[in-house]
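The next block holds one structure in the form of structure tokens; read it before the comments.
This structure is a prediction, so every number in the text was calculated from the model and none was measured. The basis for the numbers below is simple: all heavy atoms, side chains too, and nothing from hydrogens, waters or symmetry mates. Chain letters run A, B, ... following the sequence lines, proteins first, then strands; residues in each count from 1.
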Amino acid sequence: MTESENRDYNEFIKGIWRDNPVFVQVLGMCPMLAVTNSAINAIAMGGATLFVLVGSSFLVAAFKKWIPKQVRISCFIIIIATFVTIADYTLLALVPVVHKELGAFIPLIVANCMILGRQEAFASKNTVRLAVMDALGMSTGFVIALFTLGAVREILGAGSLFGIDLFGAAWEPWVIMILPPGGFLTLGLILLVFNWMTQRKQMFMEKVAEAQRSDS
Amino acid sequence: MQELFWIFISSMLINNFVLTYFLGICPFLGVSNSLETSFRLGLATTFVMLVTALCAWVLNTYLLIYAPYLKVISFIVVIASTVQFIEMLIKKLSPALFRALGIFLPLITTNCAILGLAIFSTNRGYGFAEGITYALGAGLGFTIAMVLLAGLREESELSDVPALIEGTAMNLIIAGILSMAFMGFAGLFSSA
């Protein structure tokens with residue numbers, strides 16, 4: 001791998017695990033919780049966010065020289081809002097059923113702080129190529145997070161995945177999981193697992209460091 | 001009149017913006033560490049919501065019937081400039097209030113509860129009086145949720161919490177339990 005390919009790869013991969021927008025940075029929570037009562041809704045929301053984030057990162061990185069510093073936030077927001085409008089009307093034309101389910105939450109992608117955060121922190125300071133890689137990585141991480149939450153909630157709350165029945169008639173669905181409290185509880189528990197894994201990794205690294213010290 | 005009352009109760013308790021629609025989660029989790037600031041932020045948000053409802057009604061009546069595709073862009077631009085304008089106005093008229101609100105005033109622009117309010121009330125076709133009532137209820141509901149979580153968090157500071165669960169994970173679980181409690185309001189009236 002050449003150096004620039006390596007850099008691309010790094011920018012892409014960091015959003016998936018190390019800097020995962022949802023599990024690590026705790027950004028973009030509103031759409032995250034609101035539309036994840038089924039796996040298919042989660043995927044649709046993730047797809048729309050991916051489109052908006054990649055599109056606006058591309059434009060912001062391409063126009064960064066012409067955007068005056070003082071009004072940059074407003075410019076970013078207008079660019080984001082344009083892409084959100086495109087995504088809104090595209091979903092309405094292609095999959096009206098899903099669009100109806102997601103309802104007002106598609107326009108609300110504008111207020112997703114993760115998207116504005118990436119423009120401010122990354123796209124406005126880097127080349128188009130790196131900005132797109134970063135946006136792709138971040139939104140893939142976001143899609144994975146949405147899908148995890150949506151799948152857990154749908155399996156427990158409705159006993160199905162993508163609408164396909166998993167457990168048969170004997171399964172008593174945990175209705176609470178597809179209702180609002182289930183969203184908070186599931187995300188809280190997933191964050192707990194993440195904390196636990198980070199803590200274990202830290203303890204492991206400390207042990208390694210200690211072993212190295214005692215060796216020398 | 002009766003209908004307005006139900007809109008108010010519904011947006012405040014039954015369909016609480018934070019605990020049922022998951023709007024405004026960022027400030028809800030981010031700045032709810034003290035009762036005092038949560039209460040102030042809640043009131044500031046209520047105020048901005050009232051102004052936004054007014055603007056949304058004007059836009060909806062005079063602009064969006066001709067160009068519905070401008071909805072998202074026009075709302076976000078109007079909200080951002082209104083918040084900026086209110087900030088300057090308060091600074092000029094009452095410096096004390098301005099200091100009390102501090103950084104929270106500009107941050108309200110990125111609160112999705114504000115944009116959500118504008119979109120929900122236009123989607124439901126609310127008129128002027130209904131829109132304002134809806135905004136008042138939603139704002140007070142947001143304040144109630146913030147104050148409740150802040151109170152619980154202040155208590156948890158004093159108790160012995162396992163290090164693993166501390167922080168966002170615990171706040172989310174607390175919010176889940178609060179949300180369950182708010183589901184109890186769903187039986188208040190049948191046509192929610």
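Only the side chain of A:Ile176 comes within contact range of chain B, with at least one heavy atom under 4.5 Å from a heavy atom of that chain. Contacts of B:Met183 with chain A are made by side-chain atoms alone, with heavy-atom separations under 4.5 Å and no backbone atom involved. Looking at B:Ile119, the atoms closer than 4.5 Å to chain A (heavy atoms on both sides) all sit in the side chain, from C-beta outward. Neither the backbone nor the side chain of A:Thr186 comes within less than 4.5 Å of any heavy atom in chain B. In this structure, chain A has heavy atoms under 4.5 Å from both the backbone and the side chain of B:Tyr69. Contact annotation for A:Leu179: only side-chain heavy atoms (C-beta onward) come within less than 4.5 Å of a heavy atom of chain B. When heavy atoms are compared at a cutoff of 4.5 Å, A:Phe194 does not approach chain B at all.
Between atom CD1 of residue A:Ile77 and atom CD1 of residue B:Ile79 there is a gap of 9.5 Å, rounded to the nearest 0.5 Å. The distance from atom CG of B:Leu70 to atom OG1 of A:Thr85, rounded to the nearest 0.5 Å, is 8.0 Å. Distance check, rounded to the nearest 0.5 Å: CG of A:Leu187 to CG of B:Asn171 gives 11.5 Å.
The two residues A:Leu108 and B:Gly116 have their closest heavy-atom pair at CD2-N, 3.5 Å. Taking all atoms of both residues into account, the shortest heavy-atom contact from B:Gly176 to A:Pro181 is O-CB, 3.6 Å. Minimum interatomic distance between B:Leu19 and A:Pro180 (heavy atoms only, all atoms of both residues): O-CB, 3.5 Å. Nearest heavy atoms, B:Ile173 versus A:Leu185: O-CD2, 3.8 Å.
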Kindly determine whether A:Phe184 and B:Phe22 satisfy ring-ring contact (aromatic ring centres under 6.0 Å, His included), including the steps that lead there. CA-CA 9 Å; A:Phe184 285 117; B:Phe22 302 111; 5.0 Å; yes

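Applying a 4.5 Å heavy-atom cutoff, none of the residues of residues 148-155 of chain B approach chain A.
A 4.5 Å side-chain heavy-atom check between B:Leu23 and A:Phe105 finds at least one atom pair inside the cut-off. Contact annotation: the side chain of A:Ile109 never approaches that of B:Val72 to less than 4.5 Å [non-hydrogen atoms, C-beta and beyond].
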